[in-house]
Amino acid sequence: MSDAPILITGGAGFIGSHLVDALLGQGHAVRVLDNLSMGKRANLPLDNPRLGFIEGDVADARLVDQAVAGCAAVVHLAAVASVQASVDDPVSTHQSNFVGTLNVCEAMRLHGVKRVVYASSAAVYGNNGEGQAIDEDTPKAPLTPYAADKLASEHYLDFYRRQHGLEPAIFRFFNIFGPRQDPSSPYSGVISIFTQRAQQGLPIRVFGDGEQTRDFFYVGDLLALLIQALEMPQVVAGAVNVGWNQAVSLNQLLAEIGSLCGGLPAVDYRAARPGDIRHSRADNRRLQDCYRLPPATAMREGLRRLLNQG
Ligand code: NAD
Ligand code: UD2
């Protein structure tokens with residue numbers, strides 16, 4: 001096992017901290033760069049000598065350069081993972097969600113680091129492909145600065161591939177859920193909010209009629225894909241959707257949570273969020289063709305693990 005660490009930007013966050021645990025468990029050295037805007041030190045095994053932690057901003061080119069130097073590869077997860085935050089403040093979220101990616105690309109070019117795994121999002125499709133499974137060739141229609149920054153980052157990664165030999169493995173995550181997904185913001189992942197409020201007996205707000213659907217993917221299943229993308233000899237060209245090609249409505253989700261919690265608090269149906277996507281489901285044939293998929297963690301099992309973390 002090389003002693004050169006794997007850099008995980010955003011590694012103190014929900015997905016990143018699970019990846020840190022998995023890579024350390026496999027004997028890798030790991031380095032995390034995170035500004036703790038959403039991530040937490042408590043998510044990290046900071047006493048592990050094979051883990052280095054740098055608190056700072058991916059928008060700081062000098063810091064990113066230091067963080068990338070000497071690394072074997074990069075998993076670039078750092079971003080403001082809130083669509084609404086990007087709508088409210090596109091200038092500052094752009095620094096994290098796009099300039100951060102450009103800084104990572106530049107630092108990798110300068111230090112000769114080739115492999116980068118990048119977390120893009122189903123948001124790049126906007127409302128295109130609604131109602132049927134969305135494949136990677138579906139026309140892109142980013143509706144928000146968050147989605148636009150994800151798509152722009154994909155294009156820059158491809159430029160650095162063509163021009164400078166970077167090896168980007170780009171995933172378009174649909175809706176990832178699991179332990180450590182922070183429910184503290186009204187714009188946190190819906191499953192983290194619903195489960196926390198169900199456990200605390202607080203009223204649950206549904207924005208819309210609850211028939212909107214998402215393709216939910218348990219975080220534990222994602223880790224195997226991220227590690228394969230780090231280790232595979234050749235990266236897959238282009239972006240790959242991460243989802244199970246299964247549409248679950250919020251009302252179905254609530255029924256599952258209710259049956260696991262022995263009932264639900266009051267559910268309050270409100271107006272749909274402006275620009276909210278009605279139906280989202282991943283055509284995951286490219287994922288199945290290019291990666292070894294772990295057995296899917298069933299929604300109920302994922303919810304059970306999440307509820308037990310509490
Ligand atoms: P998260 O908010 O838990 O993780 C993001 C991490 O990045 C946090 O730890 C945060 O502190 C850090 N961060 C934010 N801005 C930063 C900056 N400027 N400099 C350094 N660190 C910064 O959310 P997550 O769900 O773990 O998301 C990880 C990545 O996956 C993000 O890029 C997100 O856009 C993407 N993604 C997530 C989902 C999902 O359903 N969770 C879906 C699609 C894409
Ligand atoms: C989008 C992206 C996802 C990720 C995420 C980052 C799509 C399909 N998904 O997630 O890939 O990038 O943004 O933030 O583009 N809701 C409620 N009540 C609540 C909270 C949410 O009804 O308390 C609804 C919300 O209106 C939406 C659904 O739940 O209809 C999912 O919302 P979300 O914020 O969990 O995720 P989403 O799909 O916007």
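Atoms within a ligand are numbered from 1 in the order they appear, just like the ligands themselves.
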Practice task
Would you check if Lys140 and Asn128 make a side-chain contact, meaning some heavy-atom pair closer than 4.5 Å?
Solution key: no

Practice task
Determine whether the aromatic ring centres of Phe171 and Tyr291 lie less than 6.0 Å apart.
Solution key: yes

Give every pair made of an N or O atom of ligand 2 and a protein N or O atom lying under 3.5 Å apart, one pair per line with both atom names and the distance to 0.1 Å, or write 'none'.
| residue | atom | partner | partner atom | Å |
| --- | --- | --- | --- | --- |
| ligand 2 | 9 (N) | Asn175 | OD1 | 3.4 |
| ligand 2 | 11 (O) | Ser121 | OG | 2.9 |
| ligand 2 | 11 (O) | Phe173 | O | 3.2 |
| ligand 2 | 11 (O) | Phe174 | O | 2.6 |
| ligand 2 | 12 (O) | Ser121 | OG | 2.8 |
| ligand 2 | 12 (O) | Tyr146 | OH | 2.6 |
| ligand 2 | 14 (O) | Ala81 | O | 2.9 |
| ligand 2 | 15 (O) | Ala123 | N | 3.4 |
| ligand 2 | 18 (N) | Arg205 | O | 2.8 |
| ligand 2 | 22 (O) | Phe207 | N | 2.8 |
| ligand 2 | 26 (O) | Asp276 | OD2 | 3.2 |
| ligand 2 | 30 (O) | Gln212 | NE2 | 3.0 |
| ligand 2 | 30 (O) | Arg214 | NH2 | 3.4 |
| ligand 2 | 30 (O) | Asp276 | OD1 | 3.4 |
| ligand 2 | 30 (O) | Asp276 | OD2 | 2.4 |
| ligand 2 | 35 (O) | Val190 | N | 2.7 |
| ligand 2 | 36 (O) | Asn175 | ND2 | 3.2 |
| ligand 2 | 38 (O) | Asn175 | ND2 | 3.1 |
| ligand 2 | 38 (O) | Arg214 | NE | 2.6 |
| ligand 2 | 38 (O) | Arg214 | NH2 | 3.4 |

Practice task
Answer yes when Asp221 and Arg305 have at least one side-chain N-carboxylate O distance shorter than 4.0 Å, and no when they do not.
Solution key: no

Practice task
Identify whether the distance between the nearest side-chain nitrogen and carboxylate oxygen of Arg172 and Glu154 falls below 4.0 Å.
Solution key: yes

Handout entry: Co-members of the apolar cluster containing Leu102 [side chain, <4.5 Å]
Key = Leu7, Leu33, Ile54, Val58, Leu63, Val64, Val68, Val74, Phe98, Val99, Val104, Met108, Val113, Val116, Tyr118, Tyr156, Leu157, Phe159, Tyr160, Leu166, Ile170

Practice task
Before accepting this row, confirm whether a basic side-chain N of the pair Asp209/Arg278 lies closer than 4.0 Å to the acidic partner's carboxylate O.
Solution key: yes

Exercise for the section: Taking only heavy atoms of the protein into account, state which residues are under 4.0 angstrom from an atom of ligand 1, in chain and number order. Expected result: Gly10, Ala12, Gly13, Phe14, Ile15, Asp34, Asn35, Leu36, Ser37, Met38, Gly39, Gly56, Asp57, Val58, Leu77, Ala78, Ala79, Ala81, Ser96, Ala119, Ser120, Ser121, Tyr146, Lys150, Phe173, Phe174, Asn175, Ile176, Gln181

Exercise for the section: Quickly, which of Val80, Asp88, Val87 forms a side chain to side chain contact (heavy atoms under 4.5 Å, CB included) with Thr93? Name it, please. Expected result: Val80

Handout entry: Side-chain cluster (under 4.5 Å, hydrophobic types only) that Val83 belongs to, other residues
Key = Tyr146

Practice task
Quick one: do Asp158 and Arg162 satisfy salt bridge (Lys or Arg N to Asp or Glu O under 4.0 Å)? Show the steps, please.
Solution key: CA-CA 6 Å; Asp158 192 55; Arg162 284 177 282 107; 3.0 Å; yes

